[in-house]
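The structure appears right after this line, and notes come after that.
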Amino acid sequence: MARLLFPLPIAAAAAVSASSIHIATSRFRLPVVSVARREALFGGRVGARAPARLAKRGVSAAADAGGSAARAGTVIGPDEAMEWVKNDRRRLLHVVYRVGDLDKTIKFYTECLGMKLLRKRDIPEERYTNAFLGYGPEDSHFVVELTYNYGVESYDIGSGFGHFGIAVEDVEKTVELIKAKGGTVTREPGPVKGGNSVIAFIEDPDGYKFELIERGPTPEPLCQVMLRVGDLDRAINFYEKAFGMELLRRKDNPQYKYTIAMMGYGPEDKNAVLELTYNYGVEEYDKGNAYAQIAIGTDDVYKTAEVVRQNGGQITREPGPLPGITTKITACTDPDGWKSVFVDNLDFLKELGE
């Protein structure tokens, strides 16, 4: 996915402004790449079997590619769109963001957070390096994709991005380990405000916040991405109708003047979810230039793009195959401007199997 989940590389000049740093996806072009390089895009050679989570949803690597090969100009009515989105086989694939010292970040994630370095890919001709880390293989787990752009040592995280969530069995022990490794703890272990769950907050070397959530064993330890939105009802409606997510729970905290909504494709204790946060009276946020986007699998990028348009999203990369490879994608922004990329499920499996 190193070449799929854009915007990725940025100009390395220190004087580049936040507005000019990201690459517009509509202008993004890729050169023809070899089989070996395509292999690197999707996580290495893992065999032709369907990933466990997609297999459970009925996606087969041997399925006829024509099943999802709708073409540009797809027309889908509102009623059909709603039904199709409910049945589309989607899951969160990666979350993409930029870091200033890749080796330092990898060391922190592996030694302090218990992640594994799944793969690393340097693209010297385009002056950036990607690293994929997580708690299991990319074909069955939600993972982080770190991007290091040559010569860029820091980024503006902004006020819109909130945190990533990691489920751990013992928050206090995890915090002790992080402190011993020189990590920054911004909120000591204890019950969440207004609840009983034990949590803590830490920061990685680039200032990204991680919420540590005490839970029993889970198949998806990397469990949350929290983003702030200016209109929660609008955001919930969009992610339900355009992304096919389910509102798993909603909780208002009037004492602290904020409301959260958990959105996802399955229960929180078994799947990664999107946590949307609305702070009373705040309608806009600075998104900075550090956090990039989430990637999601879909059966049909053409229908996905049409449904996103129907529900108020903006398509920033028209659906279709990437130049040089056959993998079909589409990219969009939600009503608050948060970016996502949808990747064709069958193409994803084929890339994993090469």
Side-chain angles (χ1 to χ4, degrees), residues 1-2 5 7-8 10 18 21 92 94-121 128-136 138 141-189 198-215 220-228 272-275 277 285-295 338:
M1 300 292 284
L5 307 184
L8 290 178
I10 64 170
I21 270 180
L92 302 183
H94 298 104
V95 59
V96 189
Y97 50 105
R98 304 176 180 94
V99 299
D101 186 328
L102 190 59
D103 291 336
K104 185 176 181 180
T105 303
I106 291 172
K107 181 179 176 67
F108 181 85
Y109 285 13
T110 55
E111 294 186 359
C112 295
L113 301 181
M115 293 187 188
K116 295 180 180 179
L117 175 61
L118 303 172
R119 59 188 171 98
K120 185 177 179 181
R121 178 66 178 178
Y128 74 94
T129 305
N130 290 130
F132 293 75
L133 296 98
Y135 295 98
E138 291 176 62
H141 288 74
F142 184 52
V143 307
V144 300
E145 177 182 344
L146 306 176
T147 297
Y148 168 69
N149 293 288
Y150 292 9
V152 183
E153 298 180 354
S154 64
Y155 295 91
D156 175 17
I157 293 177
S159 59
F161 171 78
H163 61 260
F164 303 111
I166 296 180
V168 299
E169 294 187 40
D170 191 321
V171 168
E172 288 193 5
K173 284 186 177 180
T174 303
V175 166
E176 288 175 5
L177 172 62
I178 291 169
K179 286 181 176 178
K181 296 287 185 178
T184 301
V185 177
T186 59
R187 199 264 201 197
E188 293 290 337
V198 176
I199 66 167
F201 276 90
I202 65 162
E203 286 187 1
D204 76 359
D206 290 273
Y208 291 101
K209 290 182 171 61
F210 284 79
E211 179 182 11
L212 305 179
I213 306 164
E214 191 160 283
R215 290 181 184 170
E220 194 71 280
L222 181 60
C223 59
Q224 292 179 4
V225 176
M226 193 276 261
L227 303 174
R228 298 183 176 94
V273 301
L274 182 62
E275 178 181 348
T277 297
Y285 293 92
D286 172 18
K287 295 179 177 59
N289 60 5
Y291 173 85
Q293 66 220 3
I294 289 176
W338 294 113

salt_bridge(Lys107, Asp101) N-O dist < 4.0 Å: no
Glu153, CD: over 12 other non-hydrogen atoms inside 6.0 angstrom: no
Interatomic distance, Ile213 atom CD1 to Glu169 atom CD [nearest 0.5 angstrom]: 14.0 Å
Closest approach of Val185 to Val175 (non-hydrogen atoms, all atoms of both residues): CG2-CG1, 3.8 Å
Any Asp170 side-chain heavy atom under 4.5 Å of Glu214 side chain: yes
Qualifying residue for ring pair (Phe, Tyr, Trp, His ring centres under 6.0 Å) with Tyr97, from Tyr155, Phe164, Phe161, Tyr291: Phe164
Side-chain heavy atoms of Arg119 within contact of Glu138, under 4.5 Å: yes
Residues Asp204 and Thr105: side-chain donor-acceptor under 3.5 angstrom: no
Contact check, side chains of Asp156 and Asp286, non-hydrogen atoms, under 4.5 Å: yes
Arg215 bridged to Glu220 by N-O distance under 4.0 Å: no
Asp206 side chain vs Gly100 backbone, donor-acceptor pair below 3.5 Å: yes
Non-hydrogen atoms of Ala131 and Leu117 that approach each other most closely: CB-CD1, 4.1 Å
Validation row, ring centre Phe210 to ring centre Tyr109 under 6.0 Å: yes
side-chain contact (heavy atoms from CB on, under 4.5 Å) between Asp103 and Lys120, worked out: CA-CA 11 Å; Asp103 291 336; Lys120 185 177 179 181; 3.0 Å; yes
Rounded distance (nearest 0.5 Å) linking atom CE of Met115 with atom CG of Leu222: 5.0 Å
Sub-4.5 Å side-chain heavy-atom contact between His141 and Leu118: no
Sidechain-backbone polar pair: Arg187 side chain, Ile199 backbone, donor-acceptor under 3.5 Å: yes
Beyond-backbone contact of Val168 with Val171, side-chain heavy atoms, under 4.5 angstrom: yes
Exam field: side chain Arg98 to backbone Asn289, donor-acceptor pair closer than 3.5 Å: yes
Within-4.5 Å side-chain heavy-atom neighbours: Phe108 and Ile202: yes
side-chain contact (heavy atoms from CB on, under 4.5 Å) partners of Pro221, counting only residues at least two apart: Tyr135, Thr218
Point-to-point distance, once rounded to the nearest 0.5 Å, from CZ of Arg121 to CZ of Phe132: 11.0 Å
Distance in Å, Glu188 CD paired with Glu172 CD, rounded so as to fall on 0.5 Å steps: 9.0 Å
Any donor-acceptor N/O pair, Ser159 side chain to Tyr285 backbone, under 3.5 Å: no
